[in-house]
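What follows is a short report on a single structure.
Proteins get letters first, then strands, A, B, ... in listed order; numbering begins at 1 in each. Quick caveat, the model's predicted, so the values are computed rather than measured.
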There are 2 protein chains.
Amino acid sequence: MARTNDEARRAWQLLMRFFFRQRGQLPACGDQFGLSPVQCHVLHLLEPDDPMPMSRLAKTLSCDASNVTGLVDRLETRGLVERRPAAGDRRVRVLGLTPTGSRVRGELLRHVSGRPNPLTRLTPDERRALVRILERLLDEQDG
Amino acid sequence: MARTNDEARRAWQLLMRFFFRQRGQLPACGDQFGLSPVQCHVLHLLEPDDPMPMSRLAKTLSCDASNVTGLVDRLETRGLVERRPAAGDRRVRVLGLTPTGSRVRGELLRHVSGRPNPLTRLTPDERRALVRILERLLDEQDG
DNA sequence: TATTGTTATACTCTATAACTATA
DNA sequence: TATAGTTATAGAGTATAACAATA
């Protein structure tokens, strides 16, 4: 049990290190469009034809709802997203991509896919194992 | 090749999602000591009896050197780390843990190890696979 | 000339608390 | 009463540019 937690902590530490090390390459990705890492992530999360309420975005980002206001303000100023009224509950604002936002999102994904990143150096088996493990981690937390 | 990059992008997106989702539990960890997530990470990186130059910390965090100045200022104000002169090069400042910092670091690690986190729910095989993959990713970037 | 670290500046991210509108 | 979102505020993180000290 103690061993399990120690191993989990080790994995967590490695994840943190990997993340911070990768961070240096993230701005280069967003700089092209003048977007911060978080803004890129939001654009990635916001799939076309699948708008999401601001409260859901706050939950997905694990941050306070007040942050989402400013975050969306900045994305809206850039013309990438827009707030829309939600059907049925007039308190709710639903976030959708503008045509420009949809185009930039596509360019962003192509930009990421188009250049090799550290994950491409894993073997196919390793990549599949990593994806499967991450999917399990994300699934288990949904409940 | 295109397939490799798409899979790598998928893995990256999952990593991002996992990271943001986990973020909500990070502050609770640092709140106990009044530390931000980045400050916790620095404390984790700074092993006792293995001081590191500020420039190396900047490189490890993939951030500009000017950020490290403020980051270390705040940790120093809390009495957790201290700047020391480096032997041989008077430009260099080496970061070391104070006795308090060393103690807090220990408590932080015990705090993380002591409570179950999502990674503990992986099977032992999955955890080992994850650790191995992350170690490979980190090793390969050192060169 | 190049490197280490700092300062000044501006912007983004983040949490807390108080608030409005709606449910 | 409870929830969705905003505003105000404060602090932390981040990059850029200019700078001093040292190599």
Inset, instruction - Answer yes or no: does atom CG of B:Asp49 have more than 12 heavy-atom neighbours from other residues, nucleotides or ligands under 6.0 Å? - result: no
Legend entry - Any B:Ser55 side-chain nitrogen or oxygen under 4.0 Å from OP1 or OP2 of C:dG5: yes
Legend entry - Toward the 5' end of DNA chain D, by each residue's nearest nucleotide, A:Val94 or B:Ser36: A:Val94
Inset, instruction - Identify which nucleotide among C:dC13, C:dT22, D:dT22 has an atom closest to any side-chain atom of A:Val38, counting heavy atoms from C-beta outward. - result: C:dC13
Inset, instruction - Quick one: which residue pairs count as a side-chain hydrogen bond (donor to acceptor under 3.5 Å, both in side chains) with a foot in residues 10-20 of chain B, not counting sequence neighbours? - result: A:His44-B:Gln13, A:Glu135-B:Arg10
Legend entry - Positions of residues 64-85 of chain B (non-hydrogen atom under 4.0 Å from DNA chain C), listed by number: B:Ala65, B:Ser66, B:Thr69, B:Arg83
Inset, instruction - Among residues two or more places apart or on two chains, list those pairs meeting side-chain hydrogen bond (donor to acceptor under 3.5 Å, both in side chains) that have a residue in residues 89-101 of chain B. - result: B:Asp89-B:Arg91
Inset, instruction - Using only heavy-atom distances, decide whether a donor-acceptor pair under 3.5 angstrom links the side-chain of A:Arg91 to the base of D:dT3. - result: yes
Legend entry - Test salt bridge (Lys or Arg N to Asp or Glu O under 4.0 Å) applied to B:Arg105 - qualifying residues, sequence neighbours left out: none
Legend entry - Residue pairs fulfilling ring-ring contact (aromatic ring centres under 6.0 Å, His included) with at least one residue in residues 49-73 of chain A, sequence neighbours excluded: none
Legend entry - Whole-Å distance separating the CE atom of B:Met54 from the C1' atom of C:dT6: 9 Å
Legend entry - Remaining members of the apolar cluster that contains A:Val92, side-chain heavy atoms under 4.5 Å: A:Val94
Inset, instruction - Could you check how far CE of B:Met52 sits from C1' of C:dG5, rounded to whole Å? - result: 16 Å
